[in-house]
Amino acid sequence: IKINYKATYAMSTTTDLRQLMERNIALIEKAVELGQNRLAMRALRQTTPIRKRITASALVEIIENCSEEIREITINELRAVVAKSPQAMEFDEEENAAATKIKIDDNDQMETEEDIIEEKKSAQLNYFLPEVEAYLLMLTGAVLCREGNFDGAGRMISTSLPKLKQMSSRRTAEPLIAKIYFYYALAHEKMDQFEKIRPILLALHRSACLRHDEFCQAVILNALVRGLLQGNFIEAAYKLVSKTNFPENASNNQFCRYLYYTGRIQAVQLDYTDAYTKLMQSMRKAPATCGVGFRRSVQQLAILVQLLMGELPLRSMFQGPGISGYLDPYLRLTHAVRRGHLDEFNRVLAQNAQRFKHDKTYTLAIRLSQNVVKTGLRQINISYSRISIKDVTAKLQLESERSTEFVIAKAIKDGVIEATIDHENKWMCSKQVADIYSTDDPQKAFHRRIAFCLDVHNEAIKAMMYPPDAHKSQKPQSKPDSETKSDEELAKEIEDVLEDDPPI
């Protein structure tokens with residue numbers, strides 16, 4: 001007799017995931033009861049193993065308990081997914097362990113999840129609560145996007161937009177609605193139909209700003225900027241970022257994305273210093289244990305921006321888990337720029353042109369040709385006190401001596417090299433290199449470091465969380481006796497002291 005262990009194991013895993021879903025629904029109900037978004041955000045953080053592993057058929061069984069309106073919106077799309085893949089998903093032991101593992105925040109001291117579940121054992125879960133319906137809509141959109149049914153996800157969320165607008169007045173539903181809008185933008189982006197929903201997203205962002213809904217503001221703003229960058233509308237993305245304010249209390253993940261998008265816009269617009277600052281902030285704030293694709297995108301853009309600034313990235317930028325080997329084209333490009341070999345640079349650029357175009361960094365990589373020439377000129381200026389322009393042309397592999405003369409003159413004007421051109425003898429004469437410590441460059445570098453440390457300190461203070469009404473629990477300090485006594489009592493005490501003192 002053969003036993004289908006995979007089907008049995010998948011069934012047990014689905015049961016565990018369902019228990020985790022019920023636990024999250026209980027958290028959402030408690031969040032509504034207490035009026036705290038903290039519990040709803042915790043339920044969202046614990047949804048990651050669910051949305052990655054739950055099957056469409058298991059989600060249909062749960063949605064059967066909801067209202068008729070939610071069933072009409074979601075079940076048809078989920079059944080279409082079940083029809084395409086009727087067999088249960090296969091899970092391994094590591095995924096099952098990750099799916100059933102629950103993380104509890106140390107900062108949440110008020111109530112644990114076990115206490116909340118104990119309260120809900122006697123009472124049945126309320127699937128008709130708007131926040132619970134929004135949570136199931138979000139899970140449906142996640143499952144449809146995971147299965148590649150982007151058309152169904154976009155159609156389902158478009159149908160539920162009127163209901164989501166009704167829910168938007170409830171503060172506890174804001175993080176759940178924001179997550180639904182994220183999948184709404186993702187589905188249309190994957191279908192190359194982002195232009196159709198851009199006016200809708202702009203209207204939703206305007207409504208979120210009027211309601212002071214920071215969750216939806218951050219998610220929709222990032223979705224709009226990402227869609228504009230995907231369509232190469234750099235100027236429109238710059239105008240959108242410059243005319244809007246990113247909410248201060250947004251989640252760390254959304255802030256990382258916003259820093260990356262703004263850094264990318266500034267890099268295209270030649271503002272390399274601010275772009276590099278934002279990219280490094282995004283890299284530091286990004287999660288270290290997940291989001292490998294995001295860290296790859298940030299690092300490859302930061303490497304090019306640093307090269308365009310005339311600096312060489314550290315070796316550690318090309319190393320790390322999930323990054324080693326992936327950034328080899330950028331490492332070879334860095335070697336070509338460091339050596340100042342224009343021929344090697346053009347060869348590396350031609351070999352990896354498709355990769356750079358896929359990463360949307362090809363335009364920035366082309367700009368590095370001027371940096372390669374400047375690096376080569378700088379090395380020649382250090383090595384030779386006098387060299388003919390013909391030899392410079394051969395070393396830099398430029399077209400003609402006339403173009404080389406123009407390049408040298410431009411480098412001298414920009415302060416790249418300290419040299420003069422002897423037009424009669426066709427020579428480039430190098431000047432003596434000045435001591436950098438006699439200039440104000442060390443002072444400027446020290447000022448940049450101090451400014452960065454102050455910014456980190458200010459952000460840390462802003463991110464600190466204090467318990468509500470902490471100042472009210474403190475008892476007012478009793479005043480000293482001298483302040484509470486009246487003037488008559490003080491005068492009487494002084495007289496008593498004088499009478500007790502013996503005469504001199």
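Below, each value reflects all heavy atoms present in this structure, side chains not excepted, and no hydrogens, waters or symmetry copies.
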Value for OH (Y272) from OG1 (T277), rounded to nearest 0.5 Å, stands at 14.5 Å
In terms of heavy-atom contacts, L364 and A267 come closest through CD2-O, 3.7 Å
Worksheet item: Is there a side-chain contact between D359 and S297 (heavy atoms, below 4.5 Å)?
Response: no
Give the C-alpha distance, both sets of side-chain angles, the deciding distance and a yes or no for side chain to side chain contact (heavy atoms under 4.5 Å, CB included) between L259 and L279.
CA-CA 6 Å; L259 288 173; L279 291 172; over 6 Å; no
Under a 4.0 Å threshold between the charged nitrogen and the carboxylate oxygen, would R171 count as salt-bridged to E174? yes
L20 and Q46 have their tightest heavy-atom pair at CD2-O, 4.0 Å
Only one of M317, R295, K360, R355 passes side-chain contact (heavy atoms from CB on, under 4.5 Å) with Q300, and that residue is R355
- May I ask you to decide whether D151 forms a salt bridge with R155, counting only side-chain N to carboxylate O separations under 4.0 Å? yes
Decide yes or no for L137 and M156: does some side-chain heavy atom of the first lie under 4.5 Å from some side-chain heavy atom of the second? yes
* To do: Decide yes or no for N253 and P287: does some side-chain heavy atom of the first lie under 4.5 Å from some side-chain heavy atom of the second?
  => yes
Side chain to side chain, L221 and Q254, heavy atoms closer than 4.5 Å:
no
Requested in this report: Side-chain contact test, heavy atoms from C-beta onward, threshold under 4.5 Å: evaluate it for L349 versus E344 and give yes or no.
Outcome: no
Within the structure provided, determine whether L333 and L304 are in side-chain contact (heavy-atom separation under 4.5 Å). yes
Sorted by chain and number, sequence neighbours left out, ring-ring contact (aromatic ring centres under 6.0 Å, His included) with F356 holds for Y330
Between V298 and S282 the two heavy atoms that sit nearest each other are CG2-OG, 4.0 Å
Side-chain polar contacts of residues 177-192 - donor-acceptor pairs under 3.5 angstrom, sequence neighbours left out - could you list them?
from, atom 1, to, atom 2, distance (Å)
H188, ND1, Y184, O, 3.0
E189, OE1, R226, NE, 2.9
E189, OE2, R226, NE, 3.0
E189, OE2, R226, NH2, 3.0

Exercise. Do other residues, nucleotides or ligands put more than 12 heavy atoms under 6.0 Å from the CZ atom of R206?
Worked result: no
With a 3.5 Å cut-off and sequence neighbours excluded, list the donor-acceptor pairs that the side chains of residues 440-459 form with protein atoms.
from, atom 1, to, atom 2, distance (Å)
N458, ND2, L454, O, 3.2
E459, OE1, K285, NZ, 3.4

- Query: Between T273 and Q266, is any pair of side-chain heavy atoms under 4.5 Å apart?
  - Reply: no
Contacts satisfying salt bridge (charged side-chain N to carboxylate O under 4.0 Å, His left out) that involve residues 248-276 (not counting sequence neighbours) are none
Looking only at heavy atoms, the pair that brings A208 and Q217 closest together is O-NE2, 3.4 Å
- [ ] Name the orientation class of the two ring planes belonging to F294 and Y260 (parallel below 30°, tilted from 30 to 60°, perpendicular beyond 60°).
- [x] perpendicular
Output for pair (I303 CD1, L308 CG), nearest 0.5 Å, gives 12.0 Å
Review point. Where do L228 and R198 land on the side chain to side chain contact (heavy atoms under 4.5 Å, CB included) test, with the steps shown first?
Key: CA-CA 9 Å; L228 291 172; R198 188 187 302 168; 3.5 Å; yes
Taken to the nearest 0.5 Å, the spacing of T172 OG1 from L39 CG works out to 10.5 Å
Across all chains, not counting sequence neighbours, the side-chain hydrogen bond (donor to acceptor under 3.5 Å, both in side chains) partners of R338 are none
Taken to the nearest 0.5 Å, the spacing of R146 CZ from L139 CG works out to 10.0 Å
Heavy-atom closest pair (A153 atom, G141 atom, distance to 0.1 Å) is CB-O, 4.3 Å
T363 vs V268, test: side chain to side chain contact (heavy atoms under 4.5 Å, CB included). Steps then yes/no.
CA-CA 8 Å; T363 304; V268 175; over 6 Å; no
| query | Mind checking whether F318 and T334 have side chains closer than 4.5 Å, heavy atoms only? | reply | yes
What one should report as the nearest heavy-atom pair of M41 and P175 is SD-CB, 3.4 Å
Could you pull out every donor-acceptor pair under 3.5 Å between side chains of residues 230-245 and any protein atom, sequence neighbours left out?
from, atom 1, to, atom 2, distance (Å)
S242, OG, Y238, O, 3.0
S242, OG, K239, O, 2.9
T244, OG1, L240, O, 2.6

Value for CE (M138) from CG (L164), rounded to nearest 0.5 Å, stands at 12.0 Å
